[in-house]
Amino acid sequence: MDFEDPDHAVLRLHYKKQTKRIQVTMELTQYLIALFLAVIISVLFLGLSYSTEYFSEKRLEKIKWFVEHDQKWGAMGFAVGSALAAVLLPTILVIKLAPEAIGSGMPDTMAFLNGASSLHGIKIPTLTVKYIGVIGLVSAGLFAGIDGPLCEIGAGLGIILVRKVKHVPLLRRLFYGETLDLAHVDDQKDSAHSIARKQVASEQGLSNFDRIGQDNVEHTLLGFFEQKSIRIFATLGAAIALAVIFESPIGGVLFAVEEASTFFEISLLVKLMFVTIAGYFIVSFSWYEIRYSPSINSLYLNPVSSALFPINSDCTLNMGVGSVFLYILIGIFFALFGQGLNRVLSIIQLTRQKYLIEAEAHRNHEINHSKRTNKKPVNKLWNQILRVAEVLGVATLTSVMVVWIPASMGSENCTALTTPLSHIANTVPSCSFSSSFPLNCENLKSCKEALDLHGVCYPRETAKKFNDFVIEAFQKNCGGNYFLDNSTVTRRSGDASLGSLTASNFSFSMNFEILGVSETIMKNEDGSCFYQVRSLLWSSPERQLKMLLLRGVYSVWDVKSLLIFASIYIFLNGCTYYIALPTDLVVPNLIVGSALGRIIGLLVNSVYPGSVDPGAYALLGMTGLWSGTSGLVLTVTAIALEMTGDMSYLPAIIVVSLMSAWMSRLIGPSLYHIEMENNGAPYLSADPPLRLRTITTRHIMTKKIMALAMKESVAGLKRVVSEYPYMGYPVVEELGGRHRPIGYVYRSRIEELLKKLEMEQEKVEEAEIYTIISSLPLTIWEETTASKVYYLFRQLGLKRVFVVDREGFLTGLVMRRDLLKMQIQEEEKEQDEKEKKREEELESLEDVLHYMREKAKIPFFHSSHGREISWTRK
């Protein structure tokens with residue numbers, strides 16, 4: 001991508017002719033198209049959510065039915081069969097039609113917005129295959145997320161939408177505020193053709209609107225405007241996708257500002273807020289309308305209660321010095337855990353790339369650089385079969401583990417419904433209403449006052465039920481007045497004790513229906529208890545998060561069940577990562593982080609009973625692991641806040657997220673940056689490598705370049721275009737054997753010029769290159785510190801910079817790849833050293849085996865690949 005402004009008189013004239021009315025019309029048109037983009041992405045997300053949720057629910061219901069009827073083998077068979085059916089067709093489509101759909105897509109989106117051309121050739125078929133792949137992945141119950149693929153789909157739709165604008169003449173004029181035909185510029189006269197308000201019929205008949213669809217406008221002035229709009233709308237598309245997934249408009253905006261985009265404009269920020277809030281309203285009202293079916297007049301949205309995971313208890317957070325210190329430790333733990341997870345996943349990605357995704361390229365590299373001659377080229381058909389088999393194997397493994405482990409008889413015990421709220425009696429013994437603390441007026445009053453005093457958390461509905469019970473009890477049986485919720489409750493005559501009430505009249509027991517998770521909780525036959533691991537594993541990712549974030553039910557999940565669940569999730573998530581389907585890690589990381597955070601809360605309560613709410617620590621774990629793997633702070637904080645609507649834990653979330661991201665960045669790059677590095681994307685991070693601060697531009701510039709003179713012979717120009725297939729060439733002026741940079745010309749403009757000269761009636765021997773220069777040179781001195789050039793590229797979105805000496809003569813050229821060249825060379829050198837060492841060790845091993853064969857007469861046989869060696873004794 002090239003975002004550098006062309007230096008052209010016509011462009012300046014275009015801006016000069018734009019009136020205020022044209023500018024307002026242009027802004028309104030862009031906002032309408034952005035709104036249309038928000039509608040498309042929201043509809044796609046709703047379709048994805050409804051279809052996958054419906055299929056997943058039906059699939060899980062059938063699995064539960066088999067297990068309840070003691071048919072574990074039937075449950076496993078159905079789970080495996082339905083998973084294979086869900087992933088088979090999407091896998092074949094990905095491998096055959098769109099191999100680039102493999103992976104998250106978020107790294108490609110981030111690299112594109114950073115200036116790389118990773119999404120430059122994206123098309124509707126690729127996005128369609130990616131969308132189908134996500135549906136198959138989620139429907140099969142594989143452990144991966146949807147946010148990365150959907151962000152790439154959103155960015156891709158934004159790109160395609162902008163490209164389609166130029167095909168509609170009226171829309172093109174309004175969208176770009178076009179006062180001149182920017183697709184047709186006469187470089188010879190340095191002028192452009194005016195655009196009439198009606199049908200253009202100038203003397204020269206110059207209107208490109210009817211043929212613009214066939215023309216290559218990438219390197220015209222119109223192409224410059226299109227490139228700028230593509231970057232803006234790709235940013236909008238990615239932000240909309242994130243906003244609708246997490247119902248977090250501010251989170252979507254902050255993600256675009258914090259990570260996805262290297263440029264910042266107030267106009268972009270306003271557009272981001274507009275489209276993300278539009279997507280949020282579309283998705284939120286659609287969910288509310290479908291779930292509750294209210295009339296249009298009663299369709300109201302409460303942002304707090306309609307949050308994705310609304311809090312279910314009213315608790316007060318009292319932060320002390322010890323609490324802050326604990327939050328810091330939690331942040332450090334998740335930074336270390338997140339970086340460790342990043343390293344493991346990076347190894348998985350590289351291994352799959354080497355042997356499956358890019359097997360042919362790696363094998364060719366081995367053949368060219370290895371001393372061994374027995375390496376065979378990769379069979380493409382066999383490689384594709386292996387990729388399909390890998391996906392089917394992962395789907396089978398996932399289904400077997402998810403069904404078999406929870407259904408095993410010894411895996412877990414049935415948990416009583418009173419256990420989730422047992423922390424109330426443990427913290428306040430008078431609330432146990434047992435033989436030691438019988439249910440009477442004194443204990444009832446003591447229980448109520450102690451719960452209010454100690455700030456014990458329990459569900460809002462349970463608190464209401466208990467308050468109603470206390471009021472009724474005091475009205476009927478207890479003498480005197482009792483103040484409850486600032487209202488005086490007077491006794492009724494004749495009742496002075498609780499003699500008619502027993503402990504069975506009230507108990508702090510779990511009611512999953514009022515918490516909105518009754519459908520996912522697996523109970524026993526009589527409904528007196530529930531199974532923890534089954535309930536967690538046999539649910540959709542959204543419901544898993546909802547159950548892990550439950551507040552006020554401290555013991556609903558115990559440490560053993562959470563460890564089993566988190567271990568299975570981490571293992572299967574690694575198995576799924578970078579298979580031949582669109583996979584992502586954000587949602588799995590959120591779930592694993594929530595489980596680990598809840599474990600930390602339970603461990604704290606084991607030392608200080610009832611001191612913390614494990615559900616709140618699940619929220620801290622979720623944000624901590626997300627920040628630890630991504631390095632994000634603002635985005636994670638905003639999404640955590642908007643997903644739950646919980647302001648009370650905002651300071652704790654900030655401390656954990658900030659500490660986790662800071663520690664993680666000190667240790668290593670984020671997961672997305674590791675993916676980009678593994679994929680070879682030329683991404684420029686916020687800070688340059690330390691090495692660039694220690695060297696000058698002379699050390700990184702490309703010295704051997706192909707430059708053109710201001711005038712070139714037609715024959716020589718044709719030879720340059722055919723022998724040096726670069727995107728463009730510097731144009732120089734020769735002065736005393738040295739060259740002064742004049743500008744830069746794109747290859748496409750040269751090809752157009754050559755075609756034009758061939759159509760001339762008179763044969764032209766010389767071509768005037770200076771007439772088609774696309775941009776004037778942006779130059780830097782060769783003694784400039786390389787890190788300054790790095791910042792220049794990142795902030796201005798440059799693609800190249802001319803390097804000159806003190807006298808202004810050209811000495812080299814710096815391109816984006818040059819800024820990363822030294823780091824790449826060091827990594828390749830390290831990799832080559834490892835390969836060389838491996839070859840030497842293998843040769844040494846063969847020498848040892850040869851010696852052993854001669855001495856011990858042990859025959860040995862080389863494998864066909866020359867790597868594995870086995871021997872047998874006769």
Side-chain angles (χ1 to χ4, degrees), residues 34 37-38 41-42 45 104 106-107 109-110 112-114 145 147-148 150-152 154-155 158 231-281 283-284 303 307-309 331 338 584 586-587 589-590 593 619-620 622-647 649-662 664-665 670-673 685-687 794:
L37 177 64
I41 296 174
S42 300
F45 170 71
S104 166
M106 184 68 79
T109 303
M110 292 166 58
F112 178 81
L113 299 176
N114 188 259
D147 40 288
L150 199 61
C151 279
E152 185 184 26
R231 183 166 69 163
I232 290 173
F233 273 76
T235 306
L236 297 179
I240 294 167
L242 203 66
V244 299
I245 291 171
F246 297 108
E247 296 185 22
S248 174
I250 297 177
V253 172
L254 291 178
F255 172 78
V257 173
E258 184 178 20
E259 184 67 25
S261 179
T262 58
F263 61 98
F264 178 80
E265 301 171 358
I266 295 299
S267 59
L268 173 62
L269 184 62
V270 176
K271 284 188 177 73
L272 284 168
M273 287 299 303
F274 172 73
V275 294
T276 53
I277 199 67
Y280 167 76
F281 281 140
V283 172
S284 298
L308 197 59
F309 307 114
D584 191 72
V586 172
V587 172
N589 285 344
L590 298 184
L619 178 62
L620 299 182
M622 182 187 77
T623 57
L625 187 55
W626 193 0
S627 294
T629 54
S630 68
L632 300 175
V633 178
L634 299 178
T635 304
V636 173
T637 302
I639 290 179
L641 179 62
E642 291 180 287
M643 280 201 310
T644 60
D646 185 8
M647 285 293 297
Y649 268 82
L650 180 59
I653 291 173
I654 293 175
V655 172
V656 172
S657 178
L658 185 62
M659 181 55 62
S660 181
W662 178 69
S664 178
R665 289 175 178 175
S670 72
L671 180 61
Y672 286 141
H673 291 84
S685 57
D687 296 316
R794 179 175 169 83

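The figures that follow rest on heavy atoms only: side chains count, while hydrogens, waters and symmetry mates do not.
In this structure, K271 NZ and T235 OG1 are separated by 11.5 Å, a value rounded to the nearest 0.5 Å. The OG1 atom of T644 sits 11.5 Å away from the CD1 atom of I639 when rounded to the nearest 0.5 Å. Here I250 contributes atom CD1 and T637 contributes atom OG1; the two are 12.0 Å apart, rounded to the nearest 0.5 Å. Within the model, atoms OG of S42 and OH of Y280 stand 12.5 Å from one another, a figure rounded to the nearest 0.5 Å. For the atom pair OG1 of T276 and CZ of F255, the computed distance is 13.5 Å after rounding to the nearest 0.5 Å.
Between T623 and Y649 the shortest side-chain heavy-atom distance does not fall below 4.5 Å. Residues V586 and Y672 have side chains in contact (heavy-atom distance under 4.5 Å, counting atoms from C-beta outward). Taking 4.5 Å as the limit, some side-chain heavy atom of T635 sits within range of a side-chain heavy atom of L242. Looking at heavy atoms from C-beta onward, I653 lies out of side-chain contact with L641 at the 4.5 angstrom threshold. Side-chain contact between D147 and V587 is present, with at least one heavy-atom pair separated by less than 4.5 Å. Annotation: side chain of I245 is in contact with side chain of L150 (closest heavy-atom distance under 4.5 Å). In this structure the side chain of F233 reaches within 4.5 angstrom of the side chain of L236, judged on heavy atoms.
A side chain to side chain contact (heavy atoms under 4.5 Å, CB included) with P249 is found for one member of I277, V244, I240 and no other, namely I277. Applying the side-chain hydrogen bond (donor to acceptor under 3.5 Å, both in side chains) test between S627 and each of S670, S664, S657, S660 identifies S657 as the sole match.
Taking each heavy atom of L625 and G593 in turn, the nearest pair found is CD2-N, 3.5 Å. A239 and G252 get closest at one heavy-atom pair: CB-O, 3.5 Å. Closest approach of V633 to A661, counting heavy atoms only: CG2-CB, 3.4 Å. In plain terms, the two heavy atoms of M622 and A640 that are nearest each other are CE-CB, 4.3 Å. Of all the heavy atoms in S104 and E152, the pair that sits closest is O-OE1, 4.3 Å. Here the shortest heavy-atom pairing between E247 and E642 reads O-CB, 4.2 Å.
Using modelled atom types, no side-chain atom of S284 and backbone atom of F281 make a donor-acceptor pair closer than 3.5 Å.
More than 12 heavy atoms of other residues, nucleotides or ligands shown are found within 6.0 angstrom of CG on L658.
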